[in-house]
Amino acid sequence: MPRDVRILNTGSLLELSRRLRTAGGPRLRNNMARRIRRAAEPLHQDLQSSIRGLDIRSQGGAGRSGPTLNTRPLRETIANAIRISVRVSGNPGATVWIDKGRLPPDMKNVPDRLNEGRLRHPVFGNRRRWVNQYASPPWWDTPVRQHRPRMEQEVARILDDVRRSLD
């Protein structure tokens, strides 16, 4: 199930955040935030391309198929809802998450269901007829697993650089 991805090294980031507040000034804080955001951007882009290229297939059978009558592109809507937020004070770190406020009300759980591999929904709103659609591989978990070690190393390097500049 897609959840937010947080790159936090709470002890180091909190201590560094306090020191930034007292000594660094806004220039150093903005520089740190920009570098942390840059560390998270490849994951953000990979998640967007992963959902855009996701293969969603129906259960098959003798049912009719054809072009969709839906004017909302599912994959593009979800891709546009993926966000990055960076905080340097308070609870510092980077978070990559799905902004469910940017999804239509009837699509709020769709990213979770697609990541699980099965989306069950009524046919054009007809609640008496339901279909299953299948998606693979997990579009959220796979890129997160691939990017996490790189992001953690990058954030550790950024912290070391900022610590050196404060000393």
Side-chain angles (χ1 to χ4, degrees), residues 1-10 12-13 30 32-88 90-159:
M1 166 161 28
R3 291 200 169 77
D4 57 355
V5 180
R6 296 171 191 237
I7 301 301
L8 304 170
N9 185 353
T10 316
S12 300
L13 284 172
N30 291 342
M32 182 176 157
R34 187 183 76 247
R35 290 180 66 192
I36 291 175
R37 178 177 291 279
R38 273 197 202 143
E41 279 174 357
L43 173 62
H44 178 249
Q45 293 166 353
D46 230 16
L47 285 169
Q48 286 182 326
S49 65
S50 176
I51 189 66
R52 284 183 180 122
L54 186 65
D55 180 37
I56 302 173
R57 40 190 198 288
S58 66
Q59 59 196 18
R64 297 181 334 183
S65 65
T68 181
L69 302 176
N70 194 342
T71 58
R72 296 177 311 185
L74 173 70
R75 294 173 190 88
E76 192 63 30
T77 303
I78 295 171
N80 290 334
I82 299 172
R83 301 301 221 206
I84 299 177
S85 62
V86 176
R87 290 184 58 172
V88 184
N91 186 15
T95 305
V96 180
W97 54 291
I98 297 175
D99 184 358
K100 296 204 176 185
R102 294 182 59 94
L103 294 174
D106 60 336
M107 289 175 107
K108 297 219 185 285
N109 293 326
V110 171
D112 299 337
R113 300 295 84 77
L114 287 175
N115 193 57
E116 291 169 359
R118 186 183 109 177
L119 174 64
R120 182 172 163 76
H121 64 91
V123 176
F124 295 110
N126 179 357
R127 300 203 100 17
R128 284 180 274 158
R129 176 160 174 156
W130 289 70
V131 294
N132 290 316
Q133 289 186 294
Y134 301 95
S136 62
W139 71 273
W140 181 270
D141 296 340
T142 305
V144 167
R145 243 182 277 117
Q146 292 170 350
H147 284 271
R148 184 171 220 121
R150 180 199 54 79
M151 288 173 58
E152 288 172 348
Q153 289 173 350
E154 183 73 20
V155 169
R157 197 181 84 218
I158 292 166
L159 292 176

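Of the inter-residue distances, the one linking Leu119 atom CG with Ile56 atom CD1 reads 7.0 Å to the nearest 0.5 angstrom. Considering CE of Met151 and CD1 of Ile36, their distance stands at 10.0 Å, rounded to 0.5 Å. In this structure, the separation between CZ on Arg120 and OH on Tyr134 is 9.0 Å, given to the nearest 0.5 Å. Note: Arg75 CZ to Ser49 OG = 13.5 Å, rounded to the nearest 0.5 Å. With rounding to the nearest 0.5 Å, the separation of CD in Glu152 from CZ in Arg150 is 10.5 Å. Of the inter-residue distances, the one linking Asp99 atom CG with Asn80 atom CG reads 11.0 Å to the nearest 0.5 angstrom.
The minimum heavy-atom distance between Arg37 and Ser85, with the atom names listed, is NH2-CA, 4.4 Å. Taking all atoms of both residues into account, the shortest heavy-atom contact from Ala135 to Leu54 is CB-CD2, 3.8 Å. When all heavy atoms are compared, the tightest approach of Val110 to Asp106 is CG2-O, 4.3 Å. Nearest heavy atoms, Trp97 versus Trp140: CA-CH2, 4.1 Å. The minimum heavy-atom distance linking Pro138 with Pro143 is given by the pair O-CD, 4.2 Å. Here the shortest heavy-atom pairing between Ile78 and Leu103 reads CA-CD2, 4.0 Å.
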Could you walk me through whether Ile51 and Leu114 pass the side chain to side chain contact (heavy atoms under 4.5 Å, CB included) check?
CA-CA 9 Å; Ile51 189 66; Leu114 287 175; 4.1 Å; yes

Between Lys100 and Asp112, does the salt bridge (charged side-chain N to carboxylate O under 4.0 Å, His left out) criterion hold? Intermediate values first, please.
CA-CA 11 Å; Lys100 296 204 176 185; Asp112 299 337; 3.2 Å; yes

Determine, step by step, whether Thr77 and Arg102 satisfy the side chain to side chain contact (heavy atoms under 4.5 Å, CB included) criterion, reporting the C-alpha distance in whole Å, the side-chain angles of both residues, the deciding distance to 0.1 Å, and the verdict.
CA-CA 8 Å; Thr77 303; Arg102 294 182 59 94; over 6 Å; no

Intermediate values then yes/no, side chain to side chain contact (heavy atoms under 4.5 Å, CB included), Val96 and Arg83:
CA-CA 6 Å; Val96 180; Arg83 301 301 221 206; over 6 Å; no

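Panel note: side chain Asn115, backbone Pro111; no donor-acceptor pair is recorded below 3.5 Å. Looking only at distances, no side-chain donor or acceptor of Ser58 sits under 3.5 Å from a matching main-chain atom of Gln133. Using a distance-only test at 3.5 Å, with no hydrogens or angles considered, no donor-acceptor pair links the side chain of Glu154 to the main chain of Ala39.
The number of heavy atoms from other shown groups lying within 6.0 Å of CZ (Arg127) does not exceed 12.
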Output side-chain donor-acceptor pairs under 3.5 Å for residues 40-47, partner residues at least two apart or in another chain, one line each.
unit_1: His44; atom_1: NE2; unit_2: Ile82; atom_2: O; d: 2.9
unit_1: Asp46; atom_1: OD2; unit_2: His147; atom_2: NE2; d: 2.7

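The shortest side-chain heavy-atom distance between Arg113 and Arg118 does not fall under the 4.5 Å cut-off.
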